[in-house]
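See structure below.
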Amino acid sequence: MMAGPDRVVIVGESVAGITAARELRTRGYTGRLVVLGNDPHGSYARPALSKSVLKDLTVDISAPVAYDDLDLNVVRRAATHLDLAERKVSTEDGDAHPFDAAIIATGATPRRLAEPSQRGELVLRTLDDAQALHRRLDEATSTIVIGAGFLGMEVPSACASKGVDVTVVDVVPPLRRLFGPFLSWHVARLATAHGVRYVKASGSVRLLGQPVAGIILDGGATLTADVVVSCVGDVPAAAWLGGTGIADQLGVPVDSRCATPIPGVFAAGDVTYLRSGGYLPNPTTTVARRRPFWCNAVAQGKVVAASVLGEPADTVPFDDYFWTELFGVHVKVAGPLLLDGDPGQVDGSIEDGDALLRWDHPDGRVTAVAFGRRIAVSRLRALASSTAD
Ligand SMILES: Cc1cc2nc3c(=O)[nH]c(=O)nc-3n(C[C@H](O)[C@H](O)[C@H](O)COP(=O)(O)OP(=O)(O)OC[C@H]3O[C@@H](n4cnc5c(N)ncnc54)[C@H](O)[C@@H]3O)c2cc1C
């Protein structure tokens with residue numbers, strides 16, 4: 001006998017939404033399953049946009065989120081409204097999709113710097129963005145990347161591999177906010193070795209030109225380039241939830257079951273954050289924040305499906321595993337960030353791009369980092385968690 005609702009609507013055709021759909025079917029859900037998506041290319045692996053598509057337009061990036069084998073009703077229309085009273089999701093074409101359970105998995109959209117009328121700001125979130133940036137880089141000799149986070153360092157990696165001159169601008173050194181000072185220093189060293197210039201801004205940067213052809217630094221100095229890319233973070237894609245009270249500025253708060261306070265309404269992936277009154281990995285040390293990483297979206301996709309069916313989940317509703325590729329070096333991180341000070345243990349040589357690093361946090365948790373070291377993700381995870389308590 002099937003457990004759970006008869007009509008499930010998932011909003012968001014990407015890794016969180018498709019993982020939820022797969023898990024629902026795996027758990028035996030046989031009812032109606034509608035997936036709403038607003039990307040004309042459907043579902044694909046976003047991490048490959050910066051690592052592969054910028055270098056090769058022909059690469060197929062759909063496999064990790066393929067769903068041909070699933071019984072889904074996919075509707076490529078943007079959700080425009082969540083009606084809690086009528087329990088339906090409206091789409092841009094005026095249709096309404098009734099639900100017994102709804103899963104919000106709309107991810108995030110890039111933060112932008114352009115003035116409302118300013119044209120030509122490039123960002124990187126979708127396949128269209130990546131293809132457009134690829135083509136611009138093919139014709140460019142110089143690029144400015146604003147923001148030195150993980151995306152803001154992956155784009156220069158692609159530029160360097162294409163022989164495009166690149167300048168990265170931020171108020172803090174590369175990856176300092178995410179990784180802390182030690183790894184930041186080594187990433188900066190790697191970037192410099194690949195010809196990437198870093199300009200430290202003293203305050204906010206504005207875009208220059210119509211269309212955009214450079215930037216204006218805080219003190220008024222200008223820099224120009226053929227291509228300007230903003231990699232200045234993202235915001236939860238929650239505007240369509242306006243009027244419901246389900247989302248706030250940080251995103252959609254959920255509890256340990258990926259449930260919102262509204263019965264039958266759940267959320268997963270980049271659009272969410274775990275609320276402190278619900279479940280945080282470590283309530284004494286962890287602040288509420290979004291975890292905009294692939295594995296977190298997978299974990300939450302699985303948890304949310306179990307919760308929709310009223311069943312216990314097989315996993316916790318968060319995953320801090322993260323990876324990036326910088327100038328040919330694969331960096332894998334298992335365990336909490338930020339990483340204060342130097343690592344407690346270093347095995348190998350970070351200078352040679354072959355090191356296993358370990359940070360012991362004051363609260364007993366452990367972060368393990370493979371910096372160019374080839375290691376199975378499961379082994380890295382075990383190193384991070386084995387002494388976590
Ligand atoms: C270039 C890039 C590189 C990345 N690299 C890494 C990496 O190396 N490692 C890592 O861990 N993470 C990486 N990430 C982050 C990772 O891709 C995200 O954490 C993950 O995609 C989040 O999945 P999601 O399903 O929650 O949201 P998303 O992937 O953002 O998907 C949300 C979906 O909802 C759709 N949608 C939005 N609004 C609506 C609406 N109103 N109606 C219908 N559909 C809607 C969107 O079109 C989209 O398909 C990267 C992200 C980017 C952009």
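Just so you know, these numbers come straight off a predicted model, no measurement behind them. One-based numbering, in listed order, for ligands and for the atoms of each.
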Problem - Carboxylate-amine/guanidinium contact K162 D138, below 4.0 Å - result: yes

Problem - Protein contact to atom 51 (C) of ligand 1 [nearest heavy atom, distance to 0.1 Å] - result: R46 CB, 4.1 Å

Problem - For ligand 1, the portion of A45 having any non-hydrogen atom under 4.0 Å away - result: neither

Exercise for the section: State the atoms of ligand 1, each with its element, that fall below the 4.0 Å cut-off from a heavy-atom position in L36. Expected result: 43 (C), 44 (N)

Completion exercise
the protein heavy atom lying closest to atom 13 (C) of ligand 1 turns out to be P47 CG, 3.8 Å

Fill in the blank from the handout: Near G269 (heavy-atom distance under 4.0 Å), the atoms of ligand 1 are 26 (O)

Practice task
Considering only NZ, NE, NH1 and NH2 on the basic side and carboxylate oxygens on the acidic side, decide whether D319 and K302 come within less than 4.0 Å.
Solution key: no

Exercise for the section: Before accepting this row, confirm whether a basic side-chain N of the pair D100/R87 lies closer than 4.0 Å to the acidic partner's carboxylate O. Expected result: no

Exercise for the section: On the 0 to 90° scale, with breaks at 30° and 60°, tag the W323-Y321 ring pair as parallel, tilted or perpendicular. Expected result: parallel

Practice task
Please identify which atoms of ligand 1 are closer than 4.0 Å to at least one heavy atom of G37.
Solution key: 43 (C), 44 (N)

Problem - ligand 1 versus W240: contacting region, heavy-atom distance under 4.0 Å - result: side chain

Practice task
Could you tell me whether G42 and ligand 1 have an N or O pair separated by under 3.5 Å?
Solution key: no

Problem - Salt-bridge criterion met for D69 and R22 (N-O under 4.0 Å) - result: yes

Handout entry: Over all atoms of both residues, closest heavy-atom pair of V271 and A105
Key = CG1-CA, 4.4 Å

Handout entry: Salt-bridge criterion met for E23 and R27 (N-O under 4.0 Å)
Key = yes

Exercise for the section: Please could you name the atoms of ligand 1 that G107 approaches to less than 4.0 Å, counting only its heavy atoms? Expected result: 27 (O), 28 (P), 30 (O), 32 (C)

Exercise for the section: Before signing off on this row, confirm whether A16 and ligand 1 have an N or O atom pair separated by under 3.5 Å. Expected result: yes

Exercise for the section: Provide the number and element of each atom of ligand 1 under 4.0 Å from a heavy atom of L124. Expected result: 1 (C), 53 (C)

Handout entry: Polar atom proximity, R77 to ligand 1 (N or O, under 3.5 Å)
Key = no

Problem - salt_bridge(D234, R111) N-O dist < 4.0 Å - result: no

Handout entry: Least distance between heavy atoms, D226 atom then T141 atom
Key = OD2-N, 2.7 Å

Problem - K51 near ligand 1 by a heavy-atom separation under 4.0 Å - result: yes

Problem - Contact partition for L151 relative to ligand 1, non-hydrogen atoms under 4.0 Å - result: side chain

Handout entry: Nearest neighbour in protein (non-hydrogen) for atom 26 (O) of ligand 1
Key = D270 N, 2.8 Å

Practice task
With heavy atoms of A78 as the reference, note each atom of ligand 1 found under 4.0 Å away.
Solution key: 42 (N), 43 (C)

Practice task
For R379, look at atom CZ and say whether over 12 heavy atoms of other residues, nucleotides or ligands are found less than 6.0 Å away.
Solution key: no

Problem - Sub-4.0 Å atoms of ligand 1 with respect to non-hydrogen atoms of F293 - result: 11 (O), 12 (N), 19 (O)

Handout entry: Proximity of A105 to ligand 1 by residue part, where a heavy atom lies under 4.0 Å
Key = backbone

Handout entry: Within-cut-off N or O pair, T324 and ligand 1, under 3.5 Å
Key = no

Exercise for the section: Decide whether an N or O pair under 3.5 Å exists between V11 and ligand 1. Expected result: no

Exercise for the section: Measure the acute angle between the ring planes of F322 and F179, then classify it against the limits of 30° and 60° as parallel, tilted or perpendicular. Expected result: perpendicular

Handout entry: Under 4.0 Å to a heavy atom of A108 - the qualifying atoms of ligand 1, by number
Key = 30 (O)

Problem - Under-4.0 Å salt bridge between D170 and K200 - result: no

Problem - Nearest non-hydrogen protein atom, atom 30 (O) of ligand 1 - result: R125 NH2, 2.7 Å

Practice task
Compare all side-chain heavy atoms of H361 with those of P336 and state whether any distance is below 4.5 angstrom.
Solution key: yes

Problem - For atom 41 (N) of ligand 1, the protein heavy atom that lies nearest, with its residue and separation - result: A79 O, 3.1 Å

Exercise for the section: State whether E115 and R206 are salt-bridged, where the test is any N-O pair (Lys NZ or Arg NE/NH1/NH2 against Asp/Glu carboxylate O) under 4.0 Å. Expected result: no

Exercise for the section: Indicate yes or no: does D6 engage R32 in a salt bridge with an N to O separation below 4.0 Å. Expected result: no

Practice task
Among all protein heavy atoms, pick the one closest to atom 50 (C) of ligand 1 and tell me residue, atom and distance.
Solution key: F150 CZ, 3.8 Å

Practice task
Identify, for atom 47 (O) of ligand 1, the protein heavy atom at the shortest distance, and state residue, atom and that distance.
Solution key: N38 OD1, 2.4 Å

Exercise for the section: Do me a favour and list the nearest non-hydrogen protein atom to atom 15 (C) of ligand 1 with residue, atom name and distance? Expected result: P292 O, 3.5 Å

